[in-house]
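One structure below.
All residue numbers in this chain count up from 1 along the given sequence.
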Amino acid sequence: MNERGEASTAGWARWGTAEAAKELPDAARKLLAQVLDLTPPPTTVPLAEVALPDCELDGAVLDALRQVVGDGHVVTTAPARARHAAGMSTPDLLRDRLGRPALAPQAVLRPADHAEVLAVLDVCSRHGVAVVPFGGGTSVVGGLTPTAAGHVTVDLSRLDHLVAVDPVSRTATLQAGLPTPRAAELLAAHGLTLGHVPQSYEYATIGGFAATRSSGQASAGYGRFEDMVTALTVATPRGTLRIGRAPASAAGPDLRQLFLGSEGTLGIITDVTVRVRPLPAQSHYEGWRFESFAAGLEAVRRLAQDGPRPTVLRLSDEVETMIGAAGSGRSDGGCLLIAGYEGGDVRATADAAAGVLAAHGGVPLGAEAGQQWARHRFDAPYLRDALLDAGAFAETLETAAYWSTVPQVHDRVRQAILDALPDGALVLGHVSHVYETGASLYFTVICSPGPDPIDRWRTAKAAASDAIAAAGATITHHHGVGADHRTWYATEIGEVAVDLLRTVKRHLDPAGILNPGILVP
Ligand SMILES: Cc1cc2nc3c(=O)[nH]c(=O)nc-3n(C[C@H](O)[C@H](O)[C@H](O)COP(=O)(O)OP(=O)(O)OC[C@H]3O[C@@H](n4cnc5c(N)ncnc54)[C@H](O)[C@@H]3O)c2cc1C
């Protein structure tokens, strides 16, 4: 956090800074103008000019908090509070652009360690002040915007150390506030990697990944974030939990799973012990073309179930392939598959997988197509900024389903979005996380903003969420529940499970201060 109390070097009201901005390719710009009604956006209100009411926290509470974290680490300036008011969904960015961020915290607290986090929770519990844990601030599901006004944000950016490395067991303990690039740098100094590469890599944190059950682009090879977690330390209003002490255990239910995905509602994760792997000696990416999404899905399923499994495996549907080709000047048609291999002898694995892909109708496009994907793997959020600047609306949503229903879920969700946006939308889809039993589906929606883009999206997103539920898929594969998916989550888990969650929360957080309105229905 810099001296203005800003959380990260991300841009204000956009993913990237102005210097890192990316241009839309001309062909994409032309295509957009043909199919959408573009509306030039209003000028973004600079962060320094965002007006918020003064901090209304009781003086005694502020003093108690200052005693815990130190004077300089209780920040009440408007820029710091505006920065911490929301995450990075498109509605969040649009509100920020207008200078009207969602419910801003009264103060941003920056504890230095676990003991200070515990003490902050104690002060806030005693005074009934709601607390929002804040990692990288990249939530896209309203995970940082509680329902109770008057809250404080606990920014974890000072918990940014590598605590321990056990190279024999291949584990490392990382503090929760470490952003991924810094965590990668610290591990690389020991010749190790986490292998967690979400698209939010630049800003998201270790604690945020654990709190939301994140999944990265290399999940086919390295697994989801929760697969990597061997132990956790959690500060709760009731005290400290340290969970996980062996590579596997039959000692009762696995309580790590209670906190993985708990989205700051049961406690604040202060460090995470993760399984790590040696830095890959080699990496190789390549592209393949399939005649149709159905044909590509069949090939992807065979690799996921019978192997050999690439480290990165993603298949774009026809529309995503077509839009990607328009951006890059290619026009191959069909569906693009990217396979990436990392590790020791990647050639042997790639050759064996190539046999499976070819046997299912895949046509090799070579290494350049794969390297192009790898070079641009973090571009999408910058292109969203460019789309918003060009007067379009762009947002994403995701789900996961068993293989037997993946094609239907894809079609039903796509159709629900198109029906909800009758004046036209581009709905791009892909599979990027695969399992023996099924896969994720990720959709990017680009449409005209209309006079009220946030309301328009709320309707379309609700239609998509209803379609996901009706098709028997899950409301989220990796973005989490936040405030936005809470209703669908409650239906998905059922009444008994909702009661169970509420009971656990009441036990750990009797004053109900932790992220009220997030996750727990
Ligand atoms: C452009 C973009 C691309 C994305 N791509 C991916 C992707 O590829 N894969 C993926 O999984 N997700 C992705 N996301 C979603 C988001 O990055 C993830 O949910 C990420 O795990 C959040 O990490 P964070 O540190 O930013 O957490 P935050 O956004 O700060 O917090 C997320 C939630 O967790 C809680 N929380 C944060 N830290 C802690 C903690 N230490 N203890 C307890 N609770 C905590 C917060 O209160 C909040 O409810 C993307 C988001 C964006 C904007």
Separation of Phe209 CZ from His196 NE2 (nearest 0.5 Å): 4.0 Å
Students often mix this up, so state it plainly: with edges at 30° and 60°, are the rings of Trp15 and Tyr382 parallel, tilted or perpendicular? perpendicular
Heavy-atom side-chain contact between Val131 and Ile268 under 4.5 Å: yes
Quick one: list whatever passes side chain to side chain donor-acceptor pair (under 3.5 Å) with Gln282, sequence neighbours left out. none
Smallest separation among heavy atoms of Arg242 and Thr273, with atom names: NH2-OG1, 3.3 Å
Main chain of Ala386, side chain of Lys22: is a donor-acceptor contact present, judged purely on distance under 3.5 Å? no
Backbone N/O of Val45 and side chain of Trp12: donor-acceptor pair under 3.5 Å: yes
If you measure from CG on Asp113 to CG on Asp271, what distance do you get to the nearest 0.5 Å? 11.0 Å
If you define the side chain from C-beta out and look only at heavy atoms, does anything of Leu501 sit under 4.5 Å from Tyr489? yes
If we ignore angles and hydrogens, is there a donor and acceptor under 3.5 Å between the side chains of Thr474 and Glu492? yes
Between OG1 of Thr444 and CD of Glu320, what distance do you get to the nearest 0.5 Å? 6.0 Å
Tell me, please, which residues at least two apart from Asp92 pass side chain to side chain donor-acceptor pair (under 3.5 Å). Ser89, Arg95
Has the side chain of Glu263 got a donor or acceptor atom that lies under 3.5 Å from a matching backbone atom of Gly143? no
Would Arg66 and Asp63 pass as an ion pair if we require N to O under 4.0 Å? yes
Given side chains that start at C-beta, do those of Glu116 and His73 come closer than 4.5 Å, heavy atoms only? no
Is the side chain of Thr399 donor-acceptor paired with the backbone N or O of Leu441 at a distance under 3.5 Å, no angle test? no
Counting only N and O atoms by type, is there a donor-acceptor contact under 3.5 Å from the side chain of Arg81 to the main-chain atoms of Gln106? yes
For a side-chain contact (heavy atoms from CB on, under 4.5 Å) check, start with the C-alpha distance between His479 and Asp484, then their side-chain angles and the critical distance, and finish with the verdict. CA-CA 11 Å; His479 282 168; Asp484 297 358; over 6 Å; no
Gln199 side chain to Arg377 main-chain N or O, any donor-acceptor pair under 3.5 Å? yes
Please assess His114 against Thr270 for the test side-chain hydrogen bond (donor to acceptor under 3.5 Å, both in side chains), listing each intermediate value before the final yes or no. CA-CA 6 Å; His114 178 84; Thr270 54; 2.8 Å; yes
Around Arg245, counting heavy atoms of other residues, nucleotides and ligands shown, do more than 12 lie under 6.0 Å from its CZ? no
Can you tell me which residue among Phe443, Tyr435, Tyr442 is in a ring-ring contact (aromatic ring centres under 6.0 Å, His included) with His477? Tyr435
Between Val120 and Arg110, does the side-chain contact (heavy atoms from CB on, under 4.5 Å) criterion hold? Intermediate values first, please. CA-CA 10 Å; Val120 164; Arg110 304 189 307 149; over 6 Å; no
CG of Leu194 to CZ of Arg277, rounded to nearest 0.5 Å, is 10.0 Å
Give the C-alpha distance, both sets of side-chain angles, the deciding distance and a yes or no for side-chain contact (heavy atoms from CB on, under 4.5 Å) between Thr193 and Leu187. CA-CA 6 Å; Thr193 180; Leu187 290 173; 5.9 Å; no
Are Val132 and Pro105 close enough that some pair of their side-chain heavy atoms sits under 4.5 Å apart? no
I'd like to know if the side chain of Glu342 reaches the main chain of Thr311, judged simply by a donor and an acceptor atom lying under 3.5 Å from each other, with no hydrogens or angles considered. no
Ignoring hydrogens and geometry beyond distance, is a side-chain donor-acceptor pair present between Thr153 and Asp155 at under 3.5 Å? no
What one should report as the nearest heavy-atom pair of Pro364 and Trp288 is N-CE3, 3.5 Å
Under the rule for side chain to side chain donor-acceptor pair (under 3.5 Å), what residues qualify as partners of Glu185, not counting sequence neighbours? Arg182
Atom OG of Ser262 and atom NZ of Lys505: how far apart are they, to the nearest 0.5 Å? 9.5 Å
Run the numbers on Val141 and Thr476 for side-chain contact (heavy atoms from CB on, under 4.5 Å), then give the verdict. CA-CA 10 Å; Val141 292; Thr476 173; 5.8 Å; no
Correct closest heavy-atom pair for Asp509 and Thr265 would be OD2-O, 4.1 Å
Between Arg224 and Ser219 (side chain of the first, backbone of the second, donor and acceptor by atom type, cut-off under 3.5 Å), is there such a pair? no
Testing the basics here: between Leu260 and Arg213, what is the closest heavy-atom pair and its distance to 0.1 Å? O-NH1, 3.0 Å
For the atom pair CG (Leu156) and CG (Leu178), what is the distance rounded to the nearest 0.5 Å? 11.0 Å
Closest non-hydrogen atoms of Leu357 and Ala299, given as atom of the first, atom of the second and distance, are CD2-CB, 4.0 Å
List the atom of Arg14, the atom of Asp389, and the distance in Å for their closest heavy-atom pair. NH2-OD2, 2.9 Å
Has the side chain of Thr147 got a donor or acceptor atom that lies under 3.5 Å from a matching backbone atom of Pro516? yes
So, does Arg384 use its side chain to make a donor-acceptor pair with the main chain of Glu395 at under 3.5 Å? no
